[in-house]
Amino acid sequence: MNAINLIKSISSLVEQKVPTFLWGSTGIGKSSIVKQIAKNANINFIDLRLALMDPTDLKGIPYFDKENSSAAWASPNFLPRDGEGILFLDELNSAPPSVQASAYQLILDRQVGEYKLPDGWAIISAGNRESDRGVTYRMPSPLANRFVHLEMEVSVDDWKLWAYENTLDENIISYISFKNEHLFTFDASLDAKSFATPRSWEYVDKILKTNIDKSLLLDIISGAISKEVAVEFLSFLKVKNKLPDIEKILNEKIYEYPTDVDVLYALSTGLVSAYLSSKSSDRLENLITYSLDLQSEFAVMLIQDLQKLNIDMQRSKAFAQWVKKFAYLL
């Protein structure tokens with residue numbers, strides 16, 4: 001299931017307080033999606049990494065209650081006491097069986113020890129699949145049966161939307177548009193320390209925003225996404241020298257049309273990023289007008305990206321022309 005459909009599905013399950021388990025490979029944004037759902041609903045979010053916990057971290061520490069002459073449990077203060085929110089139990093199947101047993105009671109009965117989860121809170125868990133070479137323990141069937149299980153897939157279109165909204169370096173968006181398969185290159189059969197994932201491309205974005213010596217970029221970026229992908233990405237960056245002036249296209253209607261495919265990928269995403277950084281009706285009109293004479297597949301890609309970003313083009317005269325020319329391709 002892609003990210004957009006997951007957000008819709010999990011949001012509905014959260015409303016009904018149905019426990020949900022989100023499966024997926026490492027680095028594809030499982031925890032980010034759950035956090036986004038809580039933000040969209042304007043509710044609290046608590047992220048517990050169960051692989052780092054002991055059983056007593058959830059159940060609490062026993063102590064002697066003098067007043068009642070009995071043993072009691074001091075429940076942890078990081079668990080919610082009131083309000084509404086999502087309690088996110090991350091890496092559940094990477095936690096030792098003893099910790100899973102404590103989580104089982106919390107998920108099954110919405111309480112553990114003397115602690116009771118408030119009615120306004122939903123439980124969402126996540127973990128890597130056993131085939132992903134991570135440290136995992138087989139989940140007991142009674143525990144697995146307490147969840148609705150959803151699996152997250154990597155979607156280039158969803159990632160591009162996220163990347164635009166989070167102002168990732170336009171060169172990264174251009175490259176992934178050009179080389180879809182390099183968004184996620186994890187292969188469980190290989191013993192690779194670094195590989196490309198949505199998370200590691202976010203690291204590349206941060207690396208590019210540093211003042212690091214350019215002679216070191218290959219080694220550093222290789223450490224995030226592998227040397228093979230890093231070499232191709234840095235080679236792709238060289239096409240920037242072939243790009244027409246994007247600001248002149250958007251502001252001055254000075255139109256140049258490259259023909260190289262890699263340059264066109266960089267140009268299409270560069271135009272969208274530049275428009276998003278400074279929106280105006282004139283810049284949008286110039287952008288759509290420019291796309292009228294782009295190679296058809298890039299004209300469509302550009303307009304589709306704008307549509308996914310909810311850019312209103314209905315009042316544009318150029319868009320009316322664009323629809324007449326390219327509607328058959330949509």
Side-chain angles (χ1 to χ4, degrees), residues 156-180 182-183 201 204-212 214 217 221 231-330:
V156 172
D157 288 339
D158 289 348
W159 178 84
K160 282 175 62 179
L161 178 61
W162 174 87
Y164 278 129
E165 291 175 341
N166 288 272
T167 62
L168 252 66
D169 190 294
E170 64 190 53
N171 295 303
I172 296 175
I173 305 174
S174 300
Y175 180 70
I176 297 302
S177 299
F178 177 59
K179 255 322 201 193
N180 286 189
H182 280 180
L183 175 59
W201 279 112
V204 173
D205 173 68
K206 293 178 180 178
I207 292 167
L208 294 176
K209 289 173 180 173
T210 67
N211 294 320
I212 194 74
K214 290 186 178 180
L217 274 180
I221 293 177
V231 167
E232 291 199 42
F233 171 64
L234 291 176
S235 297
F236 182 82
L237 292 187
K238 295 177 182 178
V239 307
K240 284 198 72 172
N241 298 328
K242 303 177 183 179
L243 285 175
D245 190 316
I246 287 176
E247 287 303 316
K248 285 185 177 180
I249 292 172
L250 294 176
N251 294 325
E252 301 174 29
K253 301 183 183 179
I254 298 177
Y255 299 157
E256 299 175 46
Y257 291 93
T259 56
D260 293 346
V261 171
D262 50 358
V263 178
L264 285 165
Y265 273 107
L267 176 60
S268 299
T269 52
L271 284 165
V272 174
S273 294
Y275 169 72
L276 292 175
S277 67
S278 178
K279 298 177 185 177
S280 74
S281 57
D282 287 341
R283 283 166 66 87
L284 180 61
E285 192 73 13
N286 292 340
L287 173 56
I288 299 172
T289 301
Y290 177 78
S291 74
L292 287 169
D293 291 315
L294 267 179
Q295 290 185 27
S296 58
E297 63 182 291
F298 295 99
V300 171
M301 185 179 79
L302 189 155
I303 294 300
Q304 285 182 330
D305 283 348
L306 291 173
Q307 288 175 327
K308 290 170 186 173
L309 291 160
N310 297 317
I311 303 300
D312 183 8
M313 295 175 279
Q314 299 304 316
R315 284 172 265 184
S316 165
K317 293 179 181 178
F319 184 63
Q321 298 177 48
W322 191 97
V323 170
K324 288 181 181 178
K325 184 171 183 178
F326 296 113
Y328 73 99
L329 292 173
L330 292 176

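Heavy atoms only, all atoms of each residue included: Ala266 and Val239 are closest at CB-CG2, 4.0 Å. Across all their heavy atoms, Arg283 and Ser278 have their closest contact at NE-O, 2.5 Å. Across His182 and Trp201, no two heavy atoms sit closer than the pair O-NE1, 2.8 Å. Trp322 approaches Val300 most closely through the heavy-atom pair CZ2-CA, 3.7 Å. For the pair Tyr164 and Asp305, the tightest heavy-atom approach, listed with the atom from each and the gap, is OH-OD2, 3.4 Å.
Proximity of a side-chain donor or acceptor of Thr210 to a complementary backbone N or O of Ile207 within less than 3.5 Å is detected. Looking only at distances, a side-chain donor or acceptor of Tyr255 sits under 3.5 Å from a matching main-chain atom of Asn286. Asp245 contributes a side-chain N or O that, together with a main-chain N or O of Glu247, makes up a donor-acceptor pair within less than 3.5 Å. Checking side-chain atoms of Asn180 against main-chain N and O of Ser177 turns up a donor-acceptor pair under 3.5 Å. Looking only at distances, a side-chain donor or acceptor of Asp205 sits under 3.5 Å from a matching main-chain atom of Asp169. When atom types are taken as modelled, the side chain of Ser291 and the backbone of Leu294 share no donor-acceptor pair closer than 3.5 angstrom. Here the side chain of Glu285 pairs no donor or acceptor atom with the backbone of Ser316 at under 3.5 angstrom. Within the 3.5 Å criterion, the main-chain N or O of Asp262 finds no donor-acceptor partner in the side chain of Asp260.
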Between Leu292 and Gln321, does a side-chain contact (heavy atoms from CB on, under 4.5 Å) hold up when you go through it step by step? CA-CA 8 Å; Leu292 287 169; Gln321 298 177 48; 3.8 Å; yes
Take Val263 and Phe178 through the side-chain contact (heavy atoms from CB on, under 4.5 Å) test and state the conclusion after the steps. CA-CA 10 Å; Val263 178; Phe178 177 59; over 6 Å; no
Taking it one step at a time, do Thr269 and Tyr175 satisfy side-chain contact (heavy atoms from CB on, under 4.5 Å)? CA-CA 9 Å; Thr269 52; Tyr175 180 70; over 6 Å; no
Intermediate values then yes/no, side-chain contact (heavy atoms from CB on, under 4.5 Å), Leu309 and Val272: CA-CA 10 Å; Leu309 291 160; Val272 174; 3.9 Å; yes
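Counting only heavy atoms from C-beta outward, the side chains of Trp162 and Leu168 approach each other to under 4.5 Å. The closest side-chain heavy-atom distance from Gln304 to Lys160 is not below 4.5 Å. Here the side chains of Tyr290 and Leu302 are not in contact, with every heavy-atom distance at 4.5 Å or above. Residues Thr167 and Leu276 fail the side-chain proximity criterion, which asks for heavy atoms closer than 4.5 Å. Side-chain contact between Lys279 and Leu284 is absent, with no heavy atoms from C-beta onward closer than 4.5 Å. Taking the side chain as every heavy atom from C-beta outward, Phe298 and Tyr265 approach each other to under 4.5 Å. Contact of the Tyr257 side chain with the Leu267 side chain is not registered, since no non-hydrogen atoms from C-beta on lie closer than 4.5 Å. Between Pro258 and Leu264, some side-chain heavy-atom pair lies under the 4.5 Å cut-off.
Atom CZ of Phe319 sits about 9.5 Å away from atom CG of Asp312, to the nearest 0.5 Å. From Trp159, atom CH2 reaches atom CG of Leu183 across 6.0 Å, with rounding to the nearest 0.5 Å. Distance CD1/Ile212 to CG/Leu217: 7.5 Å, rounded to 0.5 Å. Rounding to the nearest 0.5 angstrom, the gap separating the CG atom in Asp157 from the CE atom in Met301 is 10.5 Å. Separating the CG atom in Leu271 from the OG atom in Ser174 is a distance of 9.5 Å, to the nearest 0.5 Å. Between atom OG1 of residue Thr289 and atom CG of residue Leu250 there is a gap of 11.0 Å, rounded to the nearest 0.5 Å.
The neighbour count for Lys214 NZ, taken as heavy atoms of other residues, nucleotides or ligands under 6.0 Å away, does not exceed 12. Other residues, nucleotides and ligands contribute at most 12 non-hydrogen atoms within 6.0 Å of the NZ atom of Lys248.
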